[in-house]
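One structure below.
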Amino acid sequence: SMCSSRPRSSRACDAPPATAAGPRRPAPGWVPGMSRIPTQAIIFDMDGTMIDSMPWHAQAWVEFARRRRMDVDVPDLMARTTGRNGTECIRELLGREVPPDEADALTREKEDIYRELFGPRFAEVAGFRQFARQVADRGLKVAVGTAGDIHNVHFALSHLQMDVQPLAIVRGDEGLPGKPEPAIFLEAARRIDVLPQHCIVFEDAPFGIEAARRAGMRAVAVCSTHSPAQLAGPHVLAAVRDYTELMNTDFLESIHVATV
């Protein structure tokens, strides 16, 4: 596949230290030293990371542009806006500063189209719910840091029906700058009372991977719509297609979980 859980270099990684339970296989993309940093929380991005929604966001922009008779290069717009909040997206779309009421109205229109399109075909990123359960079972805190607004968050959670409720959800409509600024992830860590270096961010987009780096957090690249090369960084522990692939490795066993 375009995205595999092989280490980033072709050279085999040193295995993590053996424990009383016996030797372990390396985690995907395991980086010597990085897995030894104590981990207390996982912060999930939402769109493209928890739910397989990015193609439907793209489709929603196509439909939005059609209804408004606008000429929009959707792939270019997606590249410039994935991870940004609603106001920032509209500013990129129109190429100008936009008054808050106009930005809100246009955002609402586009997101209504998105939920209309994705609702009947809703899907999680494969294995997400099961993985979130395993994360919580290991004693790790679970939070969400998304540029999505309150309506998209409610939409996602009502469809997902997770048996693990995130301890905090930080949204893009709370007045924080979107990614690649680190504010959303830093606020998520603050709300769950975990230092940034003890968090691992799961992200599917370049701006989100960069936001994690700026926040001083490690990351896992979820390659639902981007390649590992597009989501690379010195802080990226692994690149996987989805959680089914990740759960076939011993990623959760390889990270040093330090619950307090």
Side-chain angles (χ1 to χ4, degrees), residues 43-119 121-122 143-159 166 168-191 201 203-215 224-226 230-231:
I43 303 175
F44 292 102
D45 167 55
M46 184 176 73
D47 287 290
T49 300
M50 293 165 57
I51 60 175
D52 199 4
S53 56
M54 294 317 294
W56 301 102
H57 278 291
Q59 205 51 52
W61 281 120
V62 171
E63 176 60 15
F64 174 90
R66 190 192 65 78
R67 290 183 190 180
R68 292 190 158 264
R69 295 181 169 79
M70 293 171 70
D71 184 22
V72 178
D73 179 342
V74 172
D76 175 67
L77 182 66
M78 292 291 288
R80 287 186 288 127
T81 59
T82 300
R84 314 296 296 272
N85 66 35
T87 302
E88 291 166 340
C89 290
I90 297 300
R91 194 187 301 143
E92 286 289 332
L93 172 75
L94 301 179
R96 60 175 170 84
E97 285 303 314
V98 186
D101 54 344
E102 183 187 1
D104 289 349
L106 293 173
T107 299
R108 193 159 52 245
E109 183 179 334
K110 181 261 167 177
E111 301 306 346
D112 281 347
I113 296 168
Y114 152 71
R115 291 189 297 270
E116 239 169 72
L117 292 173
F118 187 39
R121 306 165 182 84
F122 185 89
V144 175
T146 175
D149 64 17
I150 192 165
H151 306 293
N152 282 356
V153 168
H154 285 165
F155 166 81
L157 293 179
S158 67
H159 278 82
I169 299 173
V170 181
R171 305 186 315 267
D173 59 352
E174 295 186 53
L176 296 167
K179 304 159 192 176
E181 292 298 319
I184 287 172
F185 290 146
L186 289 171
E187 177 60 14
R190 190 192 68 77
R191 289 187 195 174
V201 165
E203 257 290 352
D204 73 303
F207 281 166
I209 292 289
E210 172 61 12
R213 188 190 69 78
R214 292 186 193 180
S224 52
T225 54
H226 290 89
Q230 291 173 304
L231 303 176

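Atom set for the values below is all heavy atoms of this structure, side chains included, hydrogens, waters and symmetry mates excluded. Count residues from 1 along the sequence.
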Please determine whether side chain to side chain contact (heavy atoms under 4.5 Å, CB included) holds for the pair M54 and M78, giving the CA-CA distance in whole Å, both sets of side-chain angles, and the decisive distance to 0.1 Å. CA-CA 9 Å; M54 294 317 294; M78 292 291 288; 3.5 Å; yes
How long is the gap from CD on E210 to CD on E203, to the nearest 0.5 Å? 11.0 Å
Between E111 and D149, which heavy-atom pair has the shortest distance, and what is it? CG-OD2, 4.1 Å
Suppose the criterion is salt bridge (charged side-chain N to carboxylate O under 4.0 Å, His left out): which pairs have a residue in residues 43-59, not counting sequence neighbours? D45-K179
Got P206 and L231 here, is their nearest side-chain heavy-atom distance under 4.5 Å? yes
Rounded distance [0.5 Å steps], OG1 in T81 versus CG in L93: 9.0 Å
The residue among R84, E181, R80 that forms side-chain contact (heavy atoms from CB on, under 4.5 Å) with F207 is R84
Where do T82 and A205 come nearest, in terms of heavy atoms and distance? CG2-CB, 3.6 Å
Show your reasoning for whether ring-ring contact (aromatic ring centres under 6.0 Å, His included) applies to F155 and H151. CA-CA 6 Å; F155 166 81; H151 306 293; over 10 Å; no
So that I can tick it off, tell me whether E109 and R67 are bridged by a salt bridge, with the cut-off set at under 4.0 angstrom between side-chain N and carboxylate O. no
Which atom of G145 lies closest to which atom of I43, heavy atoms considered: N-CG2, 3.8 Å
How far does CG of L176 sit from CD of E174, to the nearest 0.5 angstrom? 6.5 Å
What class does the angle between the rings of F118 and W56 fall in, given that below 30° is parallel, 30 to 60° is tilted and above 60° is perpendicular? parallel
When you measure from the side chain of E88 to the backbone of G178, do you find a donor-acceptor pair of N or O atoms at a distance under 3.5 Å? yes
Would E102 and R108 satisfy salt bridge (charged side-chain N to carboxylate O under 4.0 Å, His left out), going step by step from the backbone distance to the final call? CA-CA 10 Å; E102 183 187 1; R108 193 159 52 245; over 6 Å; no
When rounded to the nearest 0.5 angstrom, what is the spacing between CZ in R96 and CD1 in I90? 10.0 Å
Please check if the side chain of R69 supplies one atom and the backbone of A65 the other of a donor-acceptor pair under 3.5 Å. no
Any sub-3.5 Å donor-acceptor pair from T49's side-chain atoms to D204's backbone N or O? yes
Inter-residue atom distance D112.CG - E63.CD, 0.5 Å rounding: 12.5 Å
Heavy atoms of A58 and V74 approach each other most closely as O-CG1, 3.6 Å
Heavy atoms of V144 and A188 approach each other most closely as O-CB, 4.3 Å
Check the angle between the aromatic planes of F64 and W61 and answer parallel, tilted or perpendicular using the 30° and 60° thresholds. perpendicular
Do the ring planes of Y114 and H57 sit parallel (below 30°), tilted (30 to 60°) or perpendicular (above 60°)? parallel
Kindly indicate, with the supporting measurements, whether the criterion side chain to side chain contact (heavy atoms under 4.5 Å, CB included) is fulfilled by T146 and V170. CA-CA 6 Å; T146 175; V170 181; over 6 Å; no
Which heavy-atom pair separates G48 from S53 by the least distance, and what is that distance? N-OG, 3.5 Å
Any side-chain heavy-atom pair of T87 and E92 under 4.5 Å: no
Take N152 and M46 through the test side chain to side chain contact (heavy atoms under 4.5 Å, CB included) and record every step on the way to the result. CA-CA 9 Å; N152 282 356; M46 184 176 73; 4.2 Å; yes
At what distance, to the nearest 0.5 angstrom, does CG of L186 lie from CZ of R190? 10.5 Å
Using the side chain to side chain contact (heavy atoms under 4.5 Å, CB included) rule, take I169 and L157 through it: C-alpha gap first, then chi angles, then the decisive distance, then the call. CA-CA 11 Å; I169 299 173; L157 293 179; 3.4 Å; yes
